[in-house]
Amino acid sequence: MGPVEWLLNTVLGLYLWVVIAGAVMSWLVAFDVINLRNRFVATIYDTCERLTTPVLNPIRKVIPNLGGVDLSPVALIIGIQFLQNFAVPLIPF
């Protein structure tokens, strides 16, 4: 594994965790387990939203609405896994 492949896999892995954290936090906020009036929680939530919304919006336009269930993070996680396992190793460096 070359350094560029390692870097791409690391960045994709970190972004995967940001997507997971954003999805979990949105559930916790929706069920009022955590409160956005707390500055620390609000900062983390806002950061996750700002990092994931530009990528999730095009996916949300394609995936139909399932009555309040947002499957776009699941589709993005599958896409990141695909990139990590199949696309990045094929890039010639």
Side-chain angles (χ1 to χ4, degrees):
M1 175 186 309
V4 176
E5 185 178 351
W6 173 83
L7 179 65
L8 287 173
N9 275 326
T10 302
V11 169
L12 287 171
L14 290 172
Y15 193 72
L16 176 77
W17 285 107
V18 170
V19 171
I20 292 170
V24 170
M25 284 192 72
S26 71
W27 295 334
L28 293 176
V29 167
F31 291 119
D32 206 25
V33 175
I34 59 175
N35 196 338
L36 291 180
R37 289 187 296 258
N38 183 337
R39 290 286 269 178
F40 180 70
V41 173
T43 302
I44 293 175
Y45 183 77
D46 186 51
T47 302
C48 289
E49 284 294 312
R50 288 177 188 243
L51 289 173
T52 58
T53 300
V55 179
L56 290 174
N57 278 342
I59 298 171
R60 287 180 179 135
K61 290 179 184 176
V62 175
I63 296 177
N65 187 1
L66 298 176
V69 178
D70 186 14
L71 293 179
S72 59
V74 175
L76 182 58
I77 289 170
I78 291 170
I80 291 171
Q81 290 292 315
F82 174 78
L83 287 175
Q84 281 184 317
N85 293 324
F86 298 110
V88 173
L90 294 177
I91 300 173
F93 296 109

According to side-chain hydrogen bond (donor to acceptor under 3.5 Å, both in side chains), who are the partners of [X], at least two apart in sequence or on a separate chain?
| X | result |
| --- | --- |
| Asp70 | Arg60, Ser72 |
| Thr43 | none |
| Glu5 | none |
| Thr52 | none |

Exercise answer: donor-acceptor pairs, residues 18-25 side-chain atoms, under 3.5 Å, sequence neighbours excluded:
none

Tell me the salt bridge (Lys or Arg N to Asp or Glu O under 4.0 Å) pairs involving [range], sequence neighbours left out?
| range | value |
| --- | --- |
| residues 71-93 | none |
| residues 72-93 | none |
| residues 26-41 | none |
| residues 83-93 | none |

What pairs with Phe86 under ring pair (Phe, Tyr, Trp, His ring centres under 6.0 Å), at least two apart in sequence or on another chain? Phe82
Which distance, rounded to the nearest 0.5 Å, do you find between the [atom1] of [X] and the [atom2] of [Y]?
| X | Y | atom1 | atom2 | result |
| --- | --- | --- | --- | --- |
| Leu56 | Lys61 | CG | NZ | 12.5 Å |
| Leu90 | Asn85 | CG | CG | 11.0 Å |
| Leu16 | Gln84 | CG | CD | 6.5 Å |
| Gln81 | Leu12 | CD | CG | 9.5 Å |
| Ile63 | Leu71 | CD1 | CG | 6.0 Å |

Taking only residues at least two apart or on different chains, which pairs with a member in residues 44-81 satisfy ring pair (Phe, Tyr, Trp, His ring centres under 6.0 Å)? none
Taking ring pair (Phe, Tyr, Trp, His ring centres under 6.0 Å) as the cut-off, I'd like each qualifying pair that reaches into residues 2-21, sequence neighbours left out, listed once.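 Not a single pair qualifies under ring pair (Phe, Tyr, Trp, His ring centres under 6.0 Å).
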Decide whether [X] and [Y] are clustered together by the hydrophobic rule: side chain heavy atoms of Ile, Leu, Val, Met, Phe, Trp, Tyr closer than 4.5 Å, transitively.
| X | Y | result |
| --- | --- | --- |
| Ile78 | Leu14 | no |
| Ile91 | Leu83 | yes |
| Phe31 | Ile44 | yes |

Test item: Val4 and Val88 side chains (from C-beta on) under 4.5 Å apart, heavy atoms: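 No, side chains not in contact.
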Indicate yes or no for a side-chain donor-acceptor contact from Asp46 to the backbone of Ala42 under 3.5 Å, with no hydrogens or angles considered.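 No, because the side chain of Asp46 does not come within donor-acceptor range (under 3.5 Å) of the backbone of Ala42.
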Pick one: which of Asn57, Leu51, Val55 meets side-chain contact (heavy atoms from CB on, under 4.5 Å) with Thr53?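 Passing option: Asn57.
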Between Val41 and Asn35, does a side chain to side chain contact (heavy atoms under 4.5 Å, CB included) hold up when you go through it step by step? CA-CA 7 Å; Val41 173; Asn35 196 338; over 6 Å; no
